[in-house]
Amino acid sequence: MKIQDIVFVVVLLVLLYKARANWLVYAGLLSLVFCIPLFAAHIFFTAERLVSYAVGFLFVSVIVHLYMIMKEK
């Protein structure tokens, strides 16, 4: 496990603790924005990780949104 993985888990846990699914979406989109210049500079390993993190953030935000919808009913 690398330091960037630990940072991802910490950020994910903080965002889940805050219980704001919109911030998870923003974190996912921000990860995608940061990976674009890395792909352009041929730094593929870190760029691939950022894409994976973006997918993780977006997946968790979908789960949180679905949970909030189910909780309202």
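The first residue of the sequence shown is numbered 1, and numbering continues consecutively from there.
- In this structure, NE2 in His65 is found 10.0 Å from CG in Leu58, a value given to the nearest 0.5 Å.
- Side-chain contact between Phe8 and Leu12: present, with at least one pair of heavy atoms (C-beta onward) separated by less than 4.5 Å.
- Between Phe57 atom CZ and Leu32 atom CG the span is 10.5 Å, to the nearest 0.5 Å.
- At a threshold of 4.5 Å between side-chain heavy atoms, the hydrophobic network of Ile, Leu, Val, Met, Phe, Trp and Tyr places Val11 and Leu13 in one connected group.
- Remark: Glu48 CD to Cys35 SG distance equals 10.0 Å, nearest 0.5 Å.
- Annotation: side chain of Leu38 is not in contact with side chain of Phe34 (no heavy-atom distance under 4.5 Å).
- Each salt bridge (Lys or Arg N to Asp or Glu O under 4.0 Å) pair with one or both residues in residues 21-31, not counting sequence neighbours, would appear here, but there are none.
- You'll find the side chain of Leu24 reaches within 4.5 Å of the side chain of Val64, heavy atoms only.
- Within 6.0 Å of the OH atom in Tyr26, the count of heavy atoms belonging to other residues, nucleotides or ligands does not exceed 12.
- There is a path of hydrophobic side-chain contacts, each under 4.5 Å, that joins Ile43 to Leu30.
- With hydrophobic clusters built from ILVMFWY side chains whose heavy atoms lie under 4.5 angstrom apart, Trp23 shares a cluster with Met68.
- Under the 4.5 Å side-chain heavy-atom criterion for grouping Ile, Leu, Val, Met, Phe, Trp and Tyr, Val7 is connected to Leu16 within one hydrophobic cluster.
- Within the 4.5 Å cutoff, no side-chain heavy atoms of Val60 are placed close to those of Leu15.
- Taking the six-membered ring wherever Trp is involved, the centroid distance between the rings of Phe44 and His42 falls below 6.0 Å.
- Taken to the nearest 0.5 Å, the OG atom of Ser31 stands 11.5 Å off from the CD1 atom of Ile36.
- To the nearest 0.5 Å, atom CZ of residue Phe45 and atom CG of residue Leu50 are 10.5 Å apart.
- Under the 4.5 Å side-chain heavy-atom criterion for grouping Ile, Leu, Val, Met, Phe, Trp and Tyr, Tyr53 is connected to Val9 within one hydrophobic cluster.
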